[in-house]
Amino acid sequence: MTNYYVTTSIPYVNGEPHLGHAMEFVAADVLARAARKRGDTVLFSTGTDEHGGKIAEKAHEKGVKPIELANEMSQKFRDLVTALQVEPDRFIRTTDKGHEQRSQLVWKALAKDIYKNKYVGWYCTGDEEFFTETVVKENHGICPDHNRPYEKIEEENYFLRLSSYNEQILKAIESDELKIVPTTRKNEILSLLHEGLEDISISRPKDKIDWGIPVPGDKNQVMYVWFEALLNYITVLGYPEHADFKEFWPADVQVVGKGIIRFHAAIWPGILLGLGLPLPKALYVHGYVTVGGKKMSKSLGNSVSPYEVINKYGADAFRYYFLRHVPSYEDGDFTWEAFETAYNNELANELGNAVQRTAAMLQKYQGGMIGDVQGGEHDTGAYDAFLAECHFDRALDEVWRQVRGLNQFIDTEKPWQIAKSGEEDHLREVLAAQVSDLLEIADLLEPFLPETAAKIVGIFGTGIVKPIEGTLFPKFETEKA
RNA sequence: CGCGGGAUGGAGCAGCGGCAGCUCGCAUGGCUCAUAACCAUGAGGUCCCAGGUUCGAGUCCUGGUCCCGCAACCA
């Protein structure tokens with residue numbers, strides 16, 4: 001029995017769940033479902049990242065405690081996961097006691113690679129934030145927001161000796177021991193590693209940020225959120241002693257967005273090497289979703305809630321669009337127009353109608369009786385390969401190649417003519433072949449569109465057609481502006 | 001010269017040395033089992049510019065133009 005461990009990054013509960021989060025959940029869910037389908041023992045984990053100054057600040061603004069805000073927001077992400085028909089085995093919160101305790105164990109285990117040092121930086125008392133040398137130079141030493149000079153401030157931080165693992169990380173990524181998909185992302189991180197990693201600060205003074213996990217043995221410091229958030233991938237398994245940890249680590253695939261690749265391809269491997277643990281086998285890096293070609297933002301007022309889409313068209317339609325029409329290896333765009341076109345043409349017309357016409361003919365000509373169905377005859381090699389590479393869009397292209405092939409087959413065979421000529425055996429064969437195709441399509445679709453796959457099997461899976469209520473994908477009139 | 005990605009028919013993309021391809025959209029024809037669905041055919045491209053390598057270049061090299069990421073200690 002093979003074990004399979006897949007994770008998503010855990011969203012920071014600073015903002016509402018958006019399309020990007022939804023897409024990542026869905027991508028990981030496809031991998032998990034595909035693994036379950038081939039019989040692996042799967043552990044699929046997701047969750048929320050809840051500590052840090054931003055959360056404390058926001059809670060303060062709203063007049064609630066940080067944990068109250070975190071509870072509320074975490075639930076929203078959990079609800080989104082459910083609405084998307086995404087089925088994780090674990091949902092970790094970084095405020096879980098277990099995570100906090102285990103993170104401290106990690107800290108202690110890393111002791112040899114942690115040292116205390118002074119962090120020197122340019123600070124604006126207006127923003128209460130540090131700025132980089134570059135930014136300070138650009139602004140000629142004066143903060144444009146507050147019109148006051150940046151101050152040079154020193155603070156004590158704990159640092160992780162990331163630099164000492166640079167070579168090992170570089171080798172692991174170069175050799176695909178830690179495989180980064182797609183290659184462009186791998187090259188990006190390799191160039192970063194060639195430049196060399198610096199040690200990073202992994203704590204903050206408590207008097208500045210106190211919403212965090214205490215550093216063991218130092219009352220004045222809390223862990224830097226990023227450091228601690230990364231640890232979720234092993235604390236959720238029960239690092240260091242739990243059986244799950246021993247059985248499921250290293251992860252098979254970690255799904256992350258392109259914006260946080262450095263954390264996952266540099267810092268995280270550094271931590272793992274420091275702990276003497278194996279690195280994850282693969283990192284799948286997806287792009288960002290834009291709306292109408294523009295970054296989603298509140299100021300532009302162009303953000304689309306995942307629920308708007310799901311409530312109107314259903315989870316499977318959502319999954320379909322974001323898996324096929326947002327390129328798996330690049331950024332993608334969402335517009336209602338593109339979504340509705342894909343929905344109507346591909347889901348309703350091509351697939352939905354293929355199901356419908358097949359079911360209708362079986363009922364009309366054979367009283368719903370399905371003849372001998374031969375099992376899948378198509379070569380799914382390309383599909384399998386794409387799926388293994390997280391090339392979801394291409395994998396679905398392959399499925400749709402079959403859907404189109406089926407429609408072509410029907411038009412070529414013309415079962416309605418065969419019915420008229422009374423060649424019953426031939427008709428039975430042709431219709432059975434259609435069903436066979438549809439069942440194979442349903443099988444391939446299962447990780448991507450679980451509800452749809454189940455419906456198709458429900459209709460044709462037994463010897464007799466069991467029509468569903470309504471249609472697979474009711475067509476929507478495109479709203480014309 | 002900080003690093004990297006990209007520029008291909010109206011739109012979105014694939015092709016990465018050997019007849020320029022896919023999806024959408026558009027036009028025409030066919031069919032009638034079906035969700036006004038399905039099928040076929042067609043129109044539409046100086047493959048960013050300028051040089052070069054080659055029998056042959058979207059495809060390789062050099063230079064240029066224009067876009068877009070990253071370059072963080074916000075997570």
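Letters go in sequence order (proteins before strands), and every chain restarts at 1.
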Notebook entry, point to check: With sugar-phosphate meaning primed atoms plus P, OP1 and OP2, does A:G52 contact a base, only sugar-phosphate, or nothing at under 4.0 Å between heavy atoms?
Noted result: nothing
Check: Are any of A:R404's side-chain N or O atoms less than 4.0 Å away from OP1 or OP2 of B:U23?
Finding: yes
Notebook entry, point to check: Is A:K186 salt-bridged to A:D176, going by a charged N under 4.0 Å from an acidic O?
Noted result: yes
Note to self: Output the rounded distance in Å from OH (A:Y365) to C1' (B:A34).
What the structure shows: 10 Å
Next item on the list: Determine the Euclidean distance between corresponding C1' atoms of B:C24 and B:C60; express it in Å to zero decimal places.
Entry: 33 Å
Item checked: Whole-Å gap separating P (B:C31) and CD (A:E413) -> 18 Å
Note to self: Students often get this wrong, so: under 4.0 angstrom with heavy atoms, is A:R185 touching a base, only sugar-phosphate, or nothing?
What the structure shows: nothing
Next item on the list: Describe the nucleic acid contact of A:Q408 in one word from base, sugar-phosphate, nothing, applying a heavy-atom distance below 4.0 Å.
Entry: sugar-phosphate
Check: Quick one: which of B:C33, B:C38, B:A75 gets closest to the side chain of A:D411?
Finding: B:C38
Notebook entry, point to check: How long is the line joining CG of A:L431 and C1' of B:C33, in whole Å?
Noted result: 9 Å
Check: Is there a Watson-Crick or G-U wobble partner for B:A27 with both distances under 3.5 Å, and if so, which one is it?
Finding: B:U41
Notebook entry, point to check: Do A:D113 and A:Y165 have side-chain N/O donor and acceptor atoms under 3.5 Å apart?
Noted result: yes
Note to self: Counting the atoms with a prime plus P, OP1 and OP2 as sugar-phosphate, which does A:F473 contact under 4.0 Å by heavy atoms, base, sugar-phosphate, or nothing?
What the structure shows: base
Margin query: If the cut-off is 4.0 Å, is A:K258 near the phosphate of B:C70, judged by side-chain N/O to OP1 or OP2?
Written below: no
Check: Looking just at side-chain N and O atoms, do A:W211 and A:E57 make a donor-acceptor pair shorter than 3.5 Å?
Finding: no
Check: Which whole number of Å gives the distance between the C1' atom of B:G45 and that of B:U8?
Finding: 8 Å
Next item on the list: Name the pairing partner of B:C55, where a pair is Watson-Crick or G-U wobble with both distances under 3.5 Å, or state none.
Entry: B:G18
Note to self: Ignoring hydrogens and geometry beyond distance, is a side-chain donor-acceptor pair present between A:Q402 and A:Y383 at under 3.5 Å?
What the structure shows: no
Notebook entry, point to check: Salt bridge check: are A:D218 and A:K116 linked by an N-O gap of less than 4.0 Å?
Noted result: yes
Next item on the list: Determine the Euclidean distance between corresponding P atoms of B:C61 and B:G21; express it in Å to zero decimal places.
Entry: 25 Å
Notebook entry, point to check: With both distances kept under 3.5 Å, what pairs with B:U62, Watson-Crick or G-U wobble?
Noted result: B:A50
Notebook entry, point to check: For B:A75, does OP1 or OP2 lie under 4.0 Å from any side-chain N or O of A:Y224?
Noted result: yes
Check: Which value, in whole Å, describes the distance between the C1' atoms of nucleotides B:A75 and B:A20?
Finding: 46 Å
Note to self: Whether the A:S203 and A:N157 side chains hold a donor-acceptor pair (N or O, under 3.5 Å, no angle test) is what I'd like checked.
What the structure shows: no
Check: Does B:G44 adopt a syn or an anti glycosidic conformation, taking syn as a chi angle within 90° of 0?
Finding: anti
Next item on the list: Tell which nucleotide pairs with B:C3, taking only Watson-Crick or G-U wobble pairs whose two distances are both under 3.5 angstrom.
Entry: B:G69
Next item on the list: Figure out the CG/P separation between A:L347 and B:C24, and round it to whole Å.
Entry: 13 Å
Next item on the list: Check the distance between B:U23's P and A:H325's NE2 and give it to me in whole angstrom.
Entry: 12 Å
Next item on the list: For nucleotides B:G12 and B:U53, find the distance between their C1' atoms and express it as a whole number of Å.
Entry: 34 Å
Check: Heavy atoms under 4.0 Å, any strand shown: does A:I261 hit a base, just sugar-phosphate, or nothing?
Finding: nothing
Notebook entry, point to check: Is the closest basic N to carboxylate O distance between A:E330 and A:R185 below 4.0 Å?
Noted result: no
Notebook entry, point to check: Closest nucleotide of RNA chain B for A:S201 versus for A:L351: which of these residues is on the 5' side?
Noted result: A:L351
Checklist line | A:Y12 OH - B:A75 P separation (whole Å) | finding: 6 Å
Check: For B:C33, what is the paired nucleotide under Watson-Crick or G-U wobble rules, both distances under 3.5 Å?
Finding: none
Check: So what does A:K364 hit on the nucleic acid, given a heavy-atom distance under 4.0 Å: a base, only sugar-phosphate, or nothing?
Finding: sugar-phosphate
Notebook entry, point to check: Counting side-chain heavy atoms from C-beta on, which of B:C38, B:U35, B:A75 comes nearest to A:E350?
Noted result: B:C38
Note to self: Just to be sure I understand the rule, does A:G53 reach a base, reach only the sugar-phosphate, or reach nothing, if contact means heavy atoms closer than 4.0 Å?
What the structure shows: nothing
Note to self: Using whole Å, what does the distance between atom C1' of nucleotide B:A34 and atom CG of A:N349 come to?
What the structure shows: 11 Å
Check: Where the side chain of A:R262 is concerned, which of B:A71, B:U32, B:A75 is the nearest nucleotide?
Finding: B:A71
Next item on the list: Please state whether the base of B:A34 and the side chain of A:N353 form at least one donor-acceptor pair under 3.5 Å?
Entry: yes
Checklist line | Sugar-phosphate only, base, or nothing, as touched by A:N345 at under 4.0 Å among non-hydrogen atoms | finding: sugar-phosphate
Margin query: Categorize A:A360 for me: base, sugar-phosphate, or nothing, with a 4.0 angstrom heavy-atom threshold over every strand shown.
Written below: sugar-phosphate
Check: When you compare B:A7 with B:G58, how far apart are their P atoms, in angstrom units rounded to a whole number?
Finding: 15 Å
Item checked: Nucleotide B:C22, atom P - distance to CD of A:E398 in whole Å -> 15 Å
Margin query: Under a 4.0 Å threshold between the charged nitrogen and the carboxylate oxygen, would A:R394 count as salt-bridged to A:E389?
Written below: no
Notebook entry, point to check: Taking the nucleotide of RNA chain B with the closest heavy atom to each, which residue, A:S191 or A:I260, is nearer the 5' end?
Noted result: A:S191
Item checked: Inter-nucleotide C1' distance (B:G52, B:A57), Å rounded -> 11 Å
Checklist line | Rounded P spacing from B:C1 to B:C67 in Å | finding: 24 Å
